[in-house]
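Down below is the structure, laid out as structure tokens.
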Amino acid sequence: MFSAMLGEAWRAMGANRLRTFLTMLGMVIGVASVVLMMAVGQGAQESVKQSINAMGSNLFIVLSGSFTAGGVRSGSGNSSTLTVVDANAISELDGVANVAPISTGGGQAVFGSNNWSTTITGTTPAYLNIRSWELEDGFVFSASDMRSATRVALVGKTVVDNIFGDIDPIGKTIRIKQNPFIVLGVLKSKGQSLDGRDQDDTIVIPLTTAQRKILGNQFAGSVRQIIVQATTPEMMPMVEQNINALLHQRHKIRDGADSDFFVRNLTAVANSAAETTRTMSLLLGAIASVSLLVGGIGIMNIMLVSVTERTREIGIRMAIGARERDILLQFLLEAIVISVIGCLIGLALGISGAMLVNKLAQAAVVISGNSVLIAFGVAASVGVFFGYYPARKAARLNPIEALRFQ
Amino acid sequence: MAQSLAKKINKNLVDVRDLHKDYYTVAGTISVLKQVNFSMDTGDYVAIMGPSGSGKSTFMNILGCLDQPTSGEYALDGNQVAKLSANALAQTRNQTIGFVFQGFNLLSRVNLIDNVALPLVYAGVEKTERQARAKVLLKKVGLELHMQSMPNQISGGQQQRVAIARALINNPRLILADEPTGNLDSSTSEEIMALFSELNQDGISIILVTHETEIAAHASRQVRFLDGRIVQDERSKEITSRLSMEAS
Ligand SMILES: Nc1ncnc2c1ncn2[C@@H]1O[C@H](COP(=O)(O)OP(=O)(O)OP(=O)(O)O)[C@@H](O)[C@H]1O
Ligand SMILES: [Mg+2]
């Protein structure tokens, strides 16, 4: 019985191929755009999540702020009000897991005949822990390297690619601002940061070496920023307060006066970035759903025309014994078959579209089984929902009036 | 033997009492059937005649459970049709009645064998049996060579035979035929009428509407409608005598 009805639905669809195709097209476009939008949205969310994980968790960054000297205010991060001693003091606070002072500057790295302009990051070994940054090869410099300011370096992937090529960098000597550095290790690739910087384009060296040999700070012991990691997310508000209080006290800043430092909660920034992408992908999904809805209305429209056109046929079927539910099922099935086939084509199109986006735009896309299932479920329900009214209209026809219909 | 036959013949298949049918139009109410009383025994063969517009088709549609009377009673095989649910009506149309239309009313997109088998789909019969039974009936009406043809590929007479095969597929007790030969030439009409006579001899009751006396002569009883009323109802002479002979 059911297979006979499926056959009927198939035949009815075949009877007017162009119309069936156009009806399906609405469904195809709807499903394809839902799948594509969800893939792009989830891809964006996924890459933000990766960036957040790469950044490290529960992080604060303390930046040296503007200070006023003789009425002239400098910009934040340009002054050197923070010191290694500040960093040590912060590490004594409750709820602080790790602290890493950082001094950065630009520099040309030279190996053989290759050279590359990159960021030199002077810091302590704790920096790599905080950022959960592992080595691909070699080992990290030690506390004794820190004390004696040895010229050793950890190189990022981008730097390796640009000055070493296929050569194994470990143990090789590179020159940074005329100083020879021995490469101790190669950092694992971290990719882009949330703000789109290439995190692998850097060379990490001991802070002391950076201060004395490379960056040449005018104030000994000053650093650009201090990265602080709290032990747990719950500790973060308290830690932030305590850092503020400590530095106010250490820098002898009177109440109400401008601070010469900033504390920024990186995790909060990251979360808001995640929230933004989530909203964006929801929005994309919502827009795509509208096209699915339009496709559904298209099906209803065509089914209504089809019911009117086939009124006589319905009358004949009733005259030979079709019950109301037989007619209902027949038209409902037709709507469902159209939407399910449209959905399958849409899925195929959407998935290949997503792959194309991945290839051409280098954007991450995620095609989850869930999104496919949702699209399929929605398509089937659209078929039922928008097919039901015309089908019921057909089933409620009076046999003799249907037969008389011209 | 005679007794069981008599019992069968006397079984009241159709019983219509005081039937009225009004149509409500913009021009006012039209009374199409007025106080119609009609009853028919199992195995009978009735021809309905009458001028155009006298209400014959309206009457047939009510008998076929396709239309409802405005008032009056209609009992089919002892059941009050007015009391039947929509599903029971559909089942009656499917199992008890075979309707043959003037315009054939085949499904144009469906081949002949599937057209004939269609009532079996609604009876819940599975596919192989449907096809087998449809084949037997197409053979009976002489169309075994056209089973895969479409309705528009065969002649009108052939289409009407397909429609009769379809009406027969569920072994109905009653065949209702509204001007089945109305669209056919006289020799094709004779073939169709021969088929009806054969069916009647097999024990199927038939009510047939026609404008032509020669066609009506095939039936054992002639009923004449005029202006919504039955004005004449008589048995063919030789048949009346046969029936009275058998009954005694
Ligand atoms: N749906 C309807 N609405 C209004 N009037 C109708 C309707 N159907 C039939 N009639 C009227 O009922 C009357 C009887 O029609 P019916 O079809 O029963 O006649 P008939 O005896 O079968 O005629 P014919 O021999 O031409 O087939 C006609 O006057 C017709 O105009
Ligand atoms: Mg008529």
Side-chain angles (χ1 to χ4, degrees), chain A residues 1-20 302-303 305-334 337-338 391-406, chain B residues 21 23 57-58 60-69 85-111 114-128 130-131 150-151 163 165-170 172 176 178:
Chain A
M1 172 81 185
F2 196 73
S3 67
M5 294 208 130
L6 262 181
E8 295 268 357
W10 187 250
R11 189 154 43 202
M13 284 164 55
N16 204 331
R17 290 207 181 86
L18 179 65
R19 199 165 73 188
T20 306
I302 294 297
M303 293 307 293
V305 172
S306 173
V307 166
T308 309
E309 230 179 39
R310 285 154 67 191
T311 301
R312 241 187 111 72
E313 176 195 324
I314 295 166
I316 295 172
R317 287 174 184 278
M318 286 176 159
I320 60 170
R323 286 157 298 186
E324 279 186 21
R325 69 182 166 107
D326 295 323
I327 303 291
L328 185 85
L329 201 64
Q330 182 191 339
F331 280 87
L332 208 51
L333 217 57
E334 217 174 294
V337 167
I338 287 181
R392 199 191 60 161
K393 197 178 160 205
R396 293 267 174 96
L397 283 173
N398 179 326
I400 193 64
E401 273 161 24
L403 273 171
R404 278 204 199 104
F405 187 85
Q406 292 306 318
Chain B
K21 177 70 180 178
Y23 282 116
S57 293
T58 307
M60 290 294 271
N61 292 335
I62 291 171
L63 292 185
C65 300
L66 296 171
D67 204 356
Q68 291 84 41
S85 67
N87 277 348
L89 282 176
Q91 199 184 345
T92 306
R93 292 195 287 263
N94 188 239
Q95 310 272 330
T96 315
I97 298 169
F99 214 109
V100 179
F101 302 89
Q102 178 175 0
F104 322 136
N105 275 343
L106 300 176
L107 294 188
S108 56
R109 287 196 306 259
V110 176
N111 67 21
D114 286 344
N115 254 300
V116 172
L118 194 58
L120 294 179
V121 170
Y122 298 121
V125 176
E126 55 93 38
K127 179 157 182 158
T128 41
R130 288 204 300 265
Q131 298 279 312
M150 303 306 273
R166 182 180 66 186
L168 289 173
I169 192 122
N170 260 328
L176 297 171
D178 191 355

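All heavy atoms count here, side chains included; hydrogens, waters and symmetry mates do not. Each chain gets a letter, A, B and so on, in the order the sequences are listed, and its residues count up from 1.
At a 4.5 Å heavy-atom cutoff, B/L89 makes no contact with chain A through either its backbone or its side chain.
Looking at every heavy atom in both residues, A/A322 comes nearest to B/R93 through O-NH2, 4.3 Å. Counting all heavy atoms, side chain and backbone alike, B/R109 lies closest to A/R310 at NH2-NE, 3.6 Å.
Highest contact tally toward chain B, considering only A/G321, A/A402, A/P399, is held by A/G321 [criterion: heavy-atom pairs under 4.5 Å]. Note on B/I169, B/L107, B/D114: by heavy-atom pairs under 4.5 Å with chain A, the leading option is B/L107.
Taking CD1 of B/I97 as the start and CD1 of A/I320 as the end, the distance is 13.5 Å to the nearest 0.5 Å. Between atom CD of residue B/Q68 and atom CD1 of residue A/I400 there is a gap of 9.5 Å, rounded to the nearest 0.5 Å. Atom CE of A/M318 is separated from atom SG of B/C65 by 14.0 Å, given to the nearest 0.5 angstrom.
The number of heavy atoms from other shown groups lying within 6.0 Å of CZ (A/R325) does not exceed 12.
In this structure the side chain of B/N61 reaches within 4.5 angstrom of the side chain of A/R404, judged on heavy atoms. Residues A/E313 and B/V110 form no side-chain contact, since every pair of their non-hydrogen atoms from C-beta on lies 4.5 Å or further apart. Side-chain contact between B/Q91 and A/R323 is absent, with no heavy-atom pair separated by less than 4.5 Å. B/F101 is not listed as a side-chain neighbour of A/I316, based on a closest heavy-atom distance of 4.5 Å or more.
For residues 94-107 of chain B, the set of pairs meeting the side chain to side chain donor-acceptor pair (under 3.5 Å) definition, not counting sequence neighbours, comprises A/R312-B/N105, B/N94-B/N170, B/Q102-B/N183.
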